[in-house]
Amino acid sequence: NKAQEMTMAALSVLNCLLKTVQAARANDDAHVWMPASSFPDELRDLGVAALIRDDAEATALASADFGNVSVAPPPAAVLYPSCPADIAALLRASCARPSPFPVSARGCGHSVRGQAGAPGGVVVDMPSLGQLGGGSTSGRLSVSVEGQYIDAGGEQLWVDVLHSALAHGLTPRSWTDYLHLTVGGTLSNAGISGQAFRHGPQISNVQELDVITGSGEMVTCSKEKDGDLFDAVLGGLGQFGVITRARIPLVPAPTRARWVRLLYTGAAALTGDQERLIDVECGGTVSGLMDYVEGTVLADKGLIGSWRSLSPSSSSSSFFSEPDVAARVAKLAEEAGGVLYCLEGALYYGGAAGGESDVDKKLEVLLRELRYARGFASVQDVSYVGFLDRVRDGELKLRAVGLWDVPHPWLNLFLPRSRVLDFAAGVFHDILRRGATGAMGPVLLYPMNRNRWDSETSAVFPEEEEEVFYTVGILRSAVSDGDLGRLEEQNEEILRFCEEAGISCVQYLPYYADQTGWQKKHFGPAKWARFMERKRKYDPKAILSRGQRIFTAPLA
């Protein structure tokens, strides 16, 4: 059996090599495929070197990310795989060396602190999967209408997953707010947005994975088969394996969205209404009426027109940007002490989600029962796709004026429900206002139901035994000289405030400078012990994702 396995593995590598040679011959830019002379002979023996670049252009691109906060040490090379077996061969070659070199998978490079980097090692350019050897990205998206699932390559963008599923009248249930991220990237974290209260994060909506472990083993896993690896990889920050395929369940799709924004003058009223909306099991007047529930903190009137507030059905820049409405909002903000809150929600309809008359009735109940500031409601009717992909419109506008590729010192936190108002008072009404810099970007606040999260995955959320916990996303951009330093100092002040106030926050998309920070501040004793056990099992030489700074050398 072992001999058969080795033979099959060899045939797989040979098949990939054949595709590679064909692609190289068809490629006019021959220098792209020159072997990386700095890498050992064992890579060339496997043929992987034919897919490696070690020039300055490739390594510089692989060391940059969306955060644009700091420049990570560059990798020695970048691998452009034609198939998953190329990645497995690379990992086996690293594992076989006395001093393994680090390997990190990079999708869209949307991390903010160099987490996808591989200093001195190899970054795997995941979008290359399927593009070489005559393949295409569409070939790695396959919908089963009968089984109601989609198989998506780990490098695929969620926006392409959406369109592939909608072609059959189907859709995934759980999303991120920004769809131009890879499947493997969000599943390595959690994947959250305003649908998570009902369906859980994206990691709670996966049936099966193809994973390449740190030792180069290619494994198909699920809850029923190799369940520990399946759970480890989901939310595992890339520490246990590279996701090359995910099977995502699908449901019948709606066609339209009634997009609602309501302004509030206080955090208590906003969070109270949000919790009523997400309590889908209590049977209250408004419970479960919205399919999407989020919230925004408007700490100054400039944020009302932020890039995230764009309305796709309006020529104006935001829901509340018309001159007369903007003046009324500014007056309301002044009366509220300079801070407003906005409940953002959506009701899906059309297709499988019911008719327009049903959504009209639901909206009537919501506008009557919710405790927003009367006269400050905005409602838009948009397509389902337009709502889910709404952040893209803002991105394109920012790109057009050179404000997309700026530093993004983001801070994302999970907070226990019992302390969210304390956090609001100390951060939204104090720290953020004292440190106002004119930096742009949304500040999010919205709740989730704990019972929609799987505690067996590697994702970390507050330990308090409260059914509801909150997500806070302070997603600001440093657009002026000096903003970056001030915003980073403010983020540190927010974390110190939580520590001194005894608010046990947990970072989402976390960053810590060293292992001690991860162990003590992020995981805690019990979760760290499980994390270490899984690391020893699936990547004992700590080859994967060293850019996270959790493990920087092989385990003893």
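These figures come from a predicted structure and were not determined experimentally.
Of all heavy-atom pairs between Ser174 and Gly191, the closest is OG-O, 4.3 Å. Residues Gly194 and Tyr446 come closest through the heavy atom pair N-CE1, 4.4 Å.
One finds the CZ atom of Arg198 at 11.0 Å from the CE atom of Met290 (value rounded to the nearest 0.5 Å). Distance check: His180 NE2 to Arg392 CZ gives 4.5 Å after rounding to the nearest 0.5 Å. Distance check, rounded to the nearest 0.5 Å: CG of Leu421 to OG1 of Thr271 gives 4.5 Å.
Salt-bridge annotation for Arg450 and Glu467: absent, with no side-chain N of the basic residue lying under 4.0 Å from a carboxylate O of the acidic one. The pair Glu335-Lys331 meets the salt-bridge criterion, with a side-chain N (NZ, NE, NH1 or NH2) lying under 4.0 Å from an Asp/Glu carboxylate O. Between Arg452 and Glu281, at least one side-chain N (NZ, or NE/NH1/NH2) sits under 4.0 Å from a carboxylate O, which counts as a salt bridge. Salt-bridge formation is not detected for the pair Asp279/Arg276: no Lys NZ or Arg NE/NH1/NH2 atom is positioned less than 4.0 Å from an Asp or Glu carboxylate oxygen. At a threshold of 4.0 Å, the pair Asp430-Arg434 counts as salt-bridged, since one of the basic side-chain nitrogens sits closer than that to a carboxylate oxygen.
Contact of the Leu298 side chain with the Leu263 side chain is registered, since non-hydrogen atoms from C-beta on lie closer than 4.5 Å. Tyr178 has its side chain within reach of His110: a pair of non-hydrogen atoms, C-beta onward, lies under 4.5 Å apart. Residues Leu366 and Arg258 are not in side-chain contact: their nearest non-hydrogen atoms beyond the backbone lie 4.5 Å or more apart. No side-chain heavy atom of Val472 sits less than 4.5 Å from a side-chain heavy atom of Leu444. Inter-residue side-chain proximity for Phe197 and Val468 is flagged as unmet; no heavy-atom pair is nearer than 4.5 Å.
Trp158 and Thr186 share a donor-acceptor pair across their side chains, judged by distance under 3.5 Å alone. Side chain to side chain, Asp125 and Ser128 meet the donor-acceptor criterion of an N or O pair below 3.5 Å.
Glu488 meets the salt bridge (Lys or Arg N to Asp or Glu O under 4.0 Å) test with Arg113; sequence neighbours excluded. Partners of Tyr511 by ring pair (Phe, Tyr, Trp, His ring centres under 6.0 Å), not counting sequence neighbours: none found. For Glu369, there are no salt bridge (Lys or Arg N to Asp or Glu O under 4.0 Å) partners at least two apart in sequence or on another chain. Partners of Arg399 under the salt bridge (Lys or Arg N to Asp or Glu O under 4.0 Å) rule, at least two apart in sequence or in another chain, are Glu395, Asp405. With sequence neighbours left out, Asp151 forms a salt bridge (Lys or Arg N to Asp or Glu O under 4.0 Å) with Arg245, Arg247.
With Phe461 as reference, Trp453 is the one residue of Tyr470, Trp453, Phe414 to meet the ring pair (Phe, Tyr, Trp, His ring centres under 6.0 Å) rule. Partner of Leu388 under the side chain to side chain contact (heavy atoms under 4.5 Å, CB included) criterion, chosen from Asp177, Val382, Leu162: Leu162.
A cation-pi arrangement is absent between Arg374 and Phe376, since the terminal nitrogen or guanidinium carbon is not both under 6.0 Å from the aromatic centre and inside a 45° cone about the axis.
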Q. Where do Phe428 and Phe423 land on the ring-ring contact (aromatic ring centres under 6.0 Å, His included) test, with the steps shown first?
A. CA-CA 8 Å; Phe428 304 145; Phe423 184 92; 5.5 Å; yes

Q: Kindly indicate, with the supporting measurements, whether the criterion ring-ring contact (aromatic ring centres under 6.0 Å, His included) is fulfilled by Phe66 and Trp410.
A: CA-CA 10 Å; Phe66 177 74; Trp410 287 6; 5.2 Å; yes

Q) Going through the checks in order, is the side chain to side chain donor-acceptor pair (under 3.5 Å) test met by Tyr341 and Gln274? A) CA-CA 12 Å; Tyr341 296 84; Gln274 286 179 325; over 6 Å; no

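Although no hydrogens or angles enter the test, the distance criterion places no donor-acceptor pair under 3.5 Å between the side chain of Tyr508 and the main chain of Asn189. Judged purely by atom type and a 3.5 angstrom limit, His163 has no side-chain atom pairing as donor or acceptor with the backbone of Val161.
Sorted by first and then second residue, the salt bridge (Lys or Arg N to Asp or Glu O under 4.0 Å) pairs involving residues 410-424 (not counting sequence neighbours) are Glu275-Arg417, Arg419-Asp422.
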